[in-house]
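Working notes, beginning with the structure itself.
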Amino acid sequence: MPFSEEIKNGNKIDMSWPSEEWLHGRIEGQILLNKLCLKLKSELINAGYNTVVPGLDEKFWSNNDSSNHVAKFTSNWSERHAAFICGLGTFGLSKGLITQKGIAGRFGSIITELYLEPDKRGYEKIYENCSMCGKCAENCPAGAISIENGKDHIICSRFIDKTAEIYTPRYGCGKCQVDVPCESKIPRQ
Ligand code: SF4
Ligand code: SF4
């Protein structure tokens, strides 16, 4: 689900801290996405197809000890990897997924016994849609991204924690997803 223009544009006004629009898109938007996934799951099960929403199923949860930044990134399930496999897009330098609608948005995934004709995957390499322009690195207020080393998840996570202290009950940043050539489309190489 790509973010709306209001959410993306709101987050470009102050490139140091997340905007209200972005914070609501990130948190309330995720609640909406979760509800959509659960609604589809119940429709599929009612139609006779066993179905699971991995992101909301505790079998797929990993150690989420918030005091351990590394543990936070050892997940049993990744929406972006699922989206990559399904043909939606490839990774960018910032580790977001660049789809035909860009990098700014959220993913959900559903595994079901219902057979669906697969889409054609229009790429082969994991960073194929990224031009490696470096604008996401320039935008990052925490200095978490570089062309040489990619994204440092620990530095990013510490910055997100800081936003949680200021904006609780919400948190987020997303400066690597706005005002970048891949914001709303696959950028020119
Ligand atoms: S801003 Fe440039 S380098 Fe960063 S993910 Fe987008 S296309 Fe890749
Ligand atoms: S979310 Fe923010 S802190 Fe994290 S990599 Fe993107 S711009 Fe940097």
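Counting convention: from 1, in listed order, for ligands and their atoms alike.
Residue S94 does not touch ligand 2, judged by heavy-atom distances below 4.0 Å.
Closest to atom 2 (Fe) of ligand 2 among all protein heavy atoms lies C173 SG, 2.2 Å. Nearest protein heavy-atom contact of atom 4 (Fe) of ligand 1 is C136 SG, 2.3 Å. In this structure, the protein non-hydrogen atom closest to atom 7 (S) of ligand 2 is C176 N, 3.3 Å. Of the protein's heavy atoms, L93 N, 3.5 Å lies nearest to atom 5 (S) of ligand 1. From the protein, the heavy atom lying nearest to atom 8 (Fe) of ligand 2 is C140 SG, 2.3 Å. Shortest contact from atom 6 (Fe) of ligand 1 to any protein heavy atom: C182 SG, 2.3 Å.
At least one N, O or S atom of C130, from either the backbone or the side chain, sits less than 2.8 Å from atom 8 (Fe) of ligand 1.
Ring orientation note: the planes of F91 and Y127 are nearly perpendicular, at an angle over 60° on the 30°/60° scale.
Within a 6.0 Å sphere centred on NZ of K12, heavy atoms belonging to other residues, nucleotides or ligands number more than 12.
Annotation for M1 and L32: closest pair CE-CD2, 4.0 Å, computed over non-hydrogen atoms.
Ionic pairing of E5 and K8 is present here: one or more N-O contacts between side-chain nitrogen and carboxylate oxygen are shorter than 4.0 angstrom.
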